There are 2 protein chains.
Amino acid sequence: MATYVFGHTNPDSDSIVGAIALSYLKNQLGEDTIPTRQGDISPETEFILKKFGYEAPQLKTSYAGENVYLIDFSDIAQSPKDIKEATILGIVDHHKLGDLTTDTPLECWIRPIGCSNTVVKEMFDHYHIEIPEKLAGMMMCAILSDTVIFKSPTCTKVDTKAVKELSKICGIEDYKALAMEMFIAKSAVDGASARNLNTRDYKAFDMNGTRVGINQLEMVDISVLTPRIDELFADMQKMKEEEGLHTVLVLLTDIMKEGSQLLCISDDASKVENAFKTKLENNQAWLDGVLSRKKQVIPFLQPQF
Amino acid sequence: MATYVFGHTNPDSDSIVGAIALSYLKNQLGEDTIPTRQGDISPETEFILKKFGYEAPQLKTSYAGENVYLIDFSDIAQSPKDIKEATILGIVDHHKLGDLTTDTPLECWIRPIGCSNTVVKEMFDHYHIEIPEKLAGMMMCAILSDTVIFKSPTCTKVDTKAVKELSKICGIEDYKALAMEMFIAKSAVDGASARNLNTRDYKAFDMNGTRVGINQLEMVDISVLTPRIDELFADMQKMKEEEGLHTVLVLLTDIMKEGSQLLCISDDASKVENAFKTKLENNQAWLDGVLSRKKQVIPFLQPQF
């Protein structure tokens, strides 16, 4: 019986590439695993897969009775609905410890660093398994994406070292140029619906019993979205009602200006204002220097609830 | 501000030695940590500390506002009461994933192997930090204890390899002889009260909403306890009432005969009989081959509730 390896719902590049990389490693170690995904591929991930000639993992949303490895999450909210009927053999992650539990011993490789693929790189080194050239390229892109080309406060020396080693393996010296290409692909908004934009990197959080949805769009230049702000707000209002959320936030993160335009629809916007020590104007605020949802948004918002 | 490193309530040798070893490693890596313990030292741990000339870590049961590393557990039930007011920087463990969660990213080194000290050994290797001779001896003893000198089904190749490497570092070639000495120290029951015996390696479990307490006494020869069985049962009944437990089990594990005499006080003993496919006589049964609570008891008992 094969074991499935997958990342969180609404997968980002770290989740998709991480599933492929971890599955490859486990198979080299003699296990029989298959990488899968819980949702659609983002434009950024599509760019990475195409660049290195990989197929997207198969879509699979139900895992009852299966053995699984999880990558890039440890929360029930980001799991398949039947995760409690699966056997979790391991978790590879770089987030806070979530509310998943197991009935049997497992392996967890969780580190407070910039990217799950950096943890997978550590695992390859630990087991002395060689990383194939094109897989190394994908892992490098995932790390450059999660760390916003090393600009994110989540980025550590371990991440930059991993990128440098992976760049040697895949033979791409100018990885910053490749990363810019990738972020330009990620920034493509032509033809995308407001809902598509509002859910590209959307995660729902349970903040001490209150549901808060937060989306982040990382772009090379967020001004291309200025004509569409009203449309985004209208859709955020709909999402709030559909999902029964207290607050919906969208972070338009400008990776060149190094900050985020915050869009906020909330039952009590003062909580958001207090969290970021700012005043909203037309439900918006510029958060200078804010690039990381995990490190610069969640920890300040959570105590407000 | 120092960071505290400690194991579970009612600490065993793995928890005590693991706290000392992990604290030493973290300090070598430039952190400022102090090993502590949540409860009394067992006779086995005392033997190990004395043998290698270490002091017991200081007793500390409150950690509000502190940074902490946890070793050998990830359950709230085995944590200090104010664990939610502490910041968990990391968890090193070899059990099932418990219900502790964090607000911030952390490091987790959790492996499905025989002993937390084997995981700490892996960490020393990962960081290329030398293990002092006497610390290596203590870590070796902790692994030999948790794996019942490699006889436990929880024991893996990683554990045996770690013991062999640690035995070279500490210069003790005949580690099996030392382990027997240690288990003889652990088997000392003279002068111990029934309550002391019933709680030497006692853990309370929440089994789908039902509270079950399980103690395990690993001994070189369990027949020395035969004259005291009635006394143990009387105290188990008291523990059941005091703690509002559905079931209290004591496993008298004979490491030479490689099996456990099960003592059972329960509101519904049929659950225990079904779990182990056995019939209790005078509230007792011999479970042949059963050495591991974690692998041979919990996974069979839990589905009965």
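Computed from heavy atoms alone, side chains included, the values below leave out hydrogens, waters and symmetry copies. The shown structure was predicted, so the numbers you read here are calculated from the model rather than taken from an experiment. Order of the sequence lines fixes the chain letters, A, B, ..., with proteins taken first and strands second; residue numbering starts at 1 for each chain.
Heavy-atom pairs under 4.5 Å with chain A peak, among B/Gly98, B/Cys108, B/Pro112, at B/Cys108. Of the residues considered (A/Pro299, A/Pro303, A/Pro105), A/Pro105 shows the highest number of contacts with chain B, using heavy-atom pairs under 4.5 Å. Highest contact tally toward chain A, considering only B/His94, B/Gln302, B/Glu122, is held by B/Glu122 [criterion: heavy-atom pairs under 4.5 Å]. Interface check for chain A: of the options B/Asp93, B/Ile91, B/Leu97, the most heavy-atom pairs under 4.5 Å are formed by B/Leu97. Chosen from A/Thr104, A/Leu89, A/Asp125, the residue pairing most often with chain B at heavy-atom distances under 4.5 Å is A/Thr104.
By the 4.5 Å heavy-atom criterion applied to side chains, A/Val68 and A/Val5 are not counted as neighbours.
For the pair A/Tyr202 and A/Leu245, the tightest heavy-atom approach, listed with the atom from each and the gap, is OH-CD1, 3.4 Å.
Side-chain atoms of B/Gln296 do not come within 3.5 Å of backbone N or O of B/Pro153 as any donor-acceptor pair.
One distance of note links OG of B/Ser23 with OH of B/Tyr69; it measures 10.0 Å at 0.5 Å rounding.
Contacts of B/Ile113 with chain A are absent, with no heavy-atom separation under 4.5 Å from either backbone or side chain. Neither the backbone nor the side chain of A/Ile298 comes within contact range of chain B; no heavy atoms are under 4.5 Å apart. If you measure heavy-atom distances from A/Lys295 to chain B, you find no contacts under 4.5 Å at all.
A salt bridge links B/Lys26 with B/Glu107: at least one charged nitrogen is closer than 4.0 Å to a carboxylate oxygen.
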*What's the verdict on side-chain contact (heavy atoms from CB on, under 4.5 Å) for A/Asp201 and A/Arg293, showing C-alpha distance, side-chain angles and the deciding distance?*
CA-CA 10 Å; A/Asp201 185 10; A/Arg293 172 170 53 189; 2.9 Å; yes
